[in-house]
Amino acid sequence: MDFMGPNREEAEKIFIVVENAQGDELEAGKVVEWTATATDADQGKKVELVDAAISTTAGIGGHKVAGVVDSTISTADIGRLQIFGPANVRASASYDAATLVAAGSINATNLGHVTSVVGHSDHGINYVAALVGWTLEAGPNATNATVQLYCT
């Protein structure tokens, strides 16, 4: 785990080191989930892109959000995820400030993006595993949002 040192000029951020199990590169700003595996050495180490639609009963396919890719991670390579603090995250739409967001791919072009949680009243524990954080500003466009990450 990598804690950013105290700095009065910048908000605190926390990072973890992971291995890309996607089979393709993982791009910066995309949300990834833990890879399910029976290999003990890979558990809590390998991640893949969130590519399932979010559901109130299954969350994102029973997996848990691991974090947001800090900089592109090549196939089978080691890289860094941000799990706490403000981050530029890929989004499926433009959001207003103070919107709770969760990982959930709404279509084939929005893999690893966040989507708004507003309007749902039946969120189960599986859905909670898909939560990423809260938007901190009105999205500058429909593909990026500044999100206060809370992926712990």
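Position 1 is the first residue of the sequence; numbering continues from there.
For H113 (side chain) and R90 (main-chain N/O), no donor-acceptor pair under 3.5 Å exists by modelled atom type. When atom types are taken as modelled, the side chain of S105 and the backbone of V50 share a donor-acceptor pair closer than 3.5 angstrom. Of the possible donor and acceptor atoms, one in the side chain of T135 sits under 3.5 Å from a partner among the backbone N and O of T99. In terms of modelled atom types and a separation under 3.5 Å, the side chain of S92 and the main chain of V114 share a donor-acceptor contact.
V68 and N88 make their closest contact through CG1-O, 4.5 Å (heavy atoms, listed as atom of the first residue, atom of the second, distance). The two residues C151 and K64 have their closest heavy-atom pair at O-NZ, 3.8 Å. For V31 against A103, the heavy-atom pair with the smallest separation is CG1-CB, 3.6 Å.
For the atom pair Q22 CD and K46 NZ, the distance stands at 12.5 Å (nearest 0.5 Å). Between the CG atom of L136 and the OG1 atom of T146 there is a distance of 6.5 Å, given to the nearest 0.5 Å.
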- request: Report the C-alpha distance between V117 and I54 in whole Å, list the side-chain angles of each, state the deciding distance to 0.1 Å, and finish with yes or no for side-chain contact (heavy atoms from CB on, under 4.5 Å).
  value: CA-CA 10 Å; V117 177; I54 193 166; 5.9 Å; no
message: Please determine whether side-chain contact (heavy atoms from CB on, under 4.5 Å) holds for the pair L81 and F15, giving the CA-CA distance in whole Å, both sets of side-chain angles, and the decisive distance to 0.1 Å.
response: CA-CA 5 Å; L81 299 183; F15 301 89; over 6 Å; no
- request: Test side-chain contact (heavy atoms from CB on, under 4.5 Å) on L149 and I83 and set out the steps.
  value: CA-CA 6 Å; L149 301 179; I83 61 169; over 6 Å; no
task: Starting from the C-alpha separation in whole Å, work towards a yes-or-no answer on side-chain contact (heavy atoms from CB on, under 4.5 Å) for L131 and V65.
output: CA-CA 7 Å; L131 295 178; V65 165; over 6 Å; no
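Residues E48 and W34 form no side-chain contact, since every pair of their non-hydrogen atoms from C-beta on lies 4.5 Å or further apart.
Between Y150 and W134, the ring planes lie tilted relative to each other; the angle falls in the 30° to 60° range.
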Donor-acceptor contacts, no H, no angles, side chain residues 69-78, under 3.5 Å, sequence neighbours left out:
from, atom 1, to, atom 2, distance (Å)
D70, OD2, R80, NE, 3.1
D70, OD2, R80, NH2, 2.9

Sequence neighbours excluded and cut-off under 3.5 Å, please list the side-chain donor-acceptor pairs for residues 36-45, or say none.
from, atom 1, to, atom 2, distance (Å)
T37, OG1, T39, N, 3.1
Q43, NE2, T37, O, 2.7
K45, NZ, E19, OE1, 3.2

